[in-house]
Each structure stands twice: as structure tokens, then as C-alpha cells.
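Taking it in order: structure first as C-alpha cells, then the write-up.
Scope of the values below: all heavy atoms of this structure, side chains included, with no hydrogens, waters or symmetry mates.
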Amino acid sequence: MQYDISAIIEGYAQGYFLMANDGEDSLGWYSSHQRALIPLDERFRYPRSLQRFLNQNRFQVAINRDFEAVVQGCADRENTWISAELKSIYQVLNRQGWAHSFETWEGDRLAGGILGIAIGGAFIGESMFFNIPNGSKVAMVKLVEHLQKREFCLFDAQMNNPHLERFGAFIVSKKQYNQLLSKALKKRCFFD
């Protein structure tokens, strides 16, 4: 199937994101009145117990080592908004350098990962999952470090939840989000 990738990237650049209704093939563009952001400055934090785990260096980090497995891991839940069509779109976006998986590995086993789309200085987090406890948490910490090194200025988590709040996630209005996104899109950052 052919996808208009430039139109898809333009949709994300205008503050929208793609979702399928659970169990349906109806893929659509969505926006919300509020957006959750992960801070890329001193406001980023994580539980102290995770620091002890990080010190063990149990997981190795990789980018796009197994993109398809991360997409599948993110989709593999009781109620998913990642349809077969959206998986195909992510694959094309990955091949063209827009979509990425930031992964943690324990040896040859995928521990966890974060799926997202990088445009300019914005990383739009689509979903995350884990196979091994702490796999996605370590991925979050290491991803923030990676984005900071690459001088990204926006990490969009889309919707907030108690898990993300433990990392300092905060809510901005749609107007604030659009201003931050516009600034981020002017930057030329390279994800990998």
C-alpha cells in the first residue's frame, strides 16, 4: 500500500497524531486540548530505585535494532490503537528515517523500547513497552540523555499517566504545545 509520507509528517508537524479505534481499521488524525511533555532539562527525574538498577548496567541500548519487534511490543496489549495499517505506516516512516525505536536489550533479548517520530528538534513518543521489568524505564532515561546530547528541545509524550509523571512529565495547553512544536521544527537535529 502506498502512503503519502510527506502528508503524514506534515500532520505530525501541525500537532496531530495518528490512531486507530480499537479493533477497527479506522485510522484517523487526533489532537487534544492538552499535551504531556517529558522535560529535557533539570526537571527530568526518575525514581531513586531506578538509579540503583541503572548502576548495574544490565541493559544495553540500541536504536532501530529491531524496529518491528518494538512496534509489535507496543501494539501487543488488550486495547490497542496501533492497527495493522498503522504498523505498516510506521515501517515506511522508519525506512525513510522518520520513525525510530529506542531499545533496551539484555543480551539477545529485547527488554523494552520506545517508539517515536523525530522531526527537527521534536521527538514525538508514540508508545512504549517492556518484556523485562525496568526495560522501558531504562529506555526512557537513556532516551532523554540521547535527546539532550542531540540537542532536541521537545519530547512529546502525547497523553499523561502516573507512570510518566514519575519522570517529570507535565501538561501544556494546545496553544503552548503548538508554540513549542513550531520552535522545535526549526532545529536540524539527527536522531541516530
If you look at every heavy atom in [X] and [Y], which pair is closest and at what distance?
| X | Y | answer |
| --- | --- | --- |
| Leu115 | Cys74 | CB-SG, 4.0 Å |
| Glu106 | Ala111 | N-CB, 4.4 Å |
| Leu164 | Met128 | CD2-SD, 4.3 Å |
| Arg65 | Asp108 | NH2-OD1, 3.7 Å |
| Ser136 | Ile114 | O-CD1, 4.4 Å |
| Gly107 | Gln60 | N-OE1, 3.4 Å |

Quick check for you: to the nearest 0.5 Å, what is the distance between [X] atom [atom1] and [Y] atom [atom2]?
| X | Y | atom1 | atom2 | value |
| --- | --- | --- | --- | --- |
| Lys87 | Glu68 | NZ | CD | 9.0 Å |
| Arg35 | Asn178 | CZ | CG | 8.0 Å |
| Phe191 | Asn64 | CZ | CG | 7.0 Å |
| Phe17 | Ile124 | CZ | CD1 | 10.5 Å |
| Arg45 | Glu165 | CZ | CD | 8.5 Å |
| Leu181 | Leu154 | CG | CG | 6.0 Å |

[Y] versus [X], side-chain donor and acceptor atoms under 3.5 Å:
| X | Y | result |
| --- | --- | --- |
| Glu126 | Tyr12 | yes |
| Gln14 | Glu10 | yes |
| Glu85 | Ser83 | no |

Is there a donor-acceptor contact under 3.5 Å from the side chain of Glu103 to the main chain of Val70?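 No.
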Using modelled atom types only, decide if a donor and an acceptor are shared between the side chain of Lys137 and the backbone of Leu50 within a distance under 3.5 Å.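 Side chain of Lys137 to backbone of Leu50, a donor-acceptor pair under 3.5 Å: no, none is there.
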Under the side-chain contact (heavy atoms from CB on, under 4.5 Å) rule, what do Ser31 and Lys174 come out as? Steps first, then yes or no, please. CA-CA 9 Å; Ser31 183; Lys174 186 174 188 173; 3.3 Å; yes
Heavy-atom side-chain contact between [X] and [Y] under 4.5 Å:
| X | Y | value |
| --- | --- | --- |
| Leu143 | Phe152 | no |
| Lys186 | Ser182 | yes |
| Ile9 | Gln96 | no |
| Trp98 | Ile5 | yes |
| Gln51 | Val141 | no |

Positive for side-chain contact (heavy atoms from CB on, under 4.5 Å) with Asn160, one of Ile171, Ile38, Leu37: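 When Ile171, Ile38, Leu37 are each tested with Asn160, the side-chain contact (heavy atoms from CB on, under 4.5 Å) holds only for Ile171.
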Find out if a path of hydrophobic residues (ILVMFWY) with successive side-chain heavy-atom gaps under 4.5 Å connects [X] to [Y].
| X | Y | value |
| --- | --- | --- |
| Ile8 | Val71 | yes |
| Leu180 | Leu147 | no |
| Phe123 | Leu185 | no |
| Tyr177 | Leu40 | no |
| Met140 | Tyr46 | yes |

Please assess Leu93 against Tyr3 for the test side-chain contact (heavy atoms from CB on, under 4.5 Å), listing each intermediate value before the final yes or no. CA-CA 10 Å; Leu93 288 171; Tyr3 299 108; over 6 Å; no
Would you please indicate yes or no on a ring centroid separation below 6.0 angstrom for Phe59 and Phe53?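 Ring centroids of Phe53 and Phe59 are less than 6.0 Å from each other.
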Test side-chain contact (heavy atoms from CB on, under 4.5 Å) on Phe130 and Thr104 and set out the steps. CA-CA 9 Å; Phe130 69 91; Thr104 50; over 6 Å; no
More than 12 heavy atoms of other groups within 6.0 Å of Phe44 CZ: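 Counting other residues, nucleotides and ligands, CZ of Phe44 exceeds 12 neighbours.
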Is the His163 ring parallel, tilted or perpendicular to the Phe167 ring (thresholds 30°, 60°)?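 Aromatic pair His163/Phe167 classed perpendicular.
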Verdict with supporting geometry, Ser49 and Arg52, side-chain contact (heavy atoms from CB on, under 4.5 Å): CA-CA 5 Å; Ser49 58; Arg52 287 191 292 274; 3.6 Å; yes
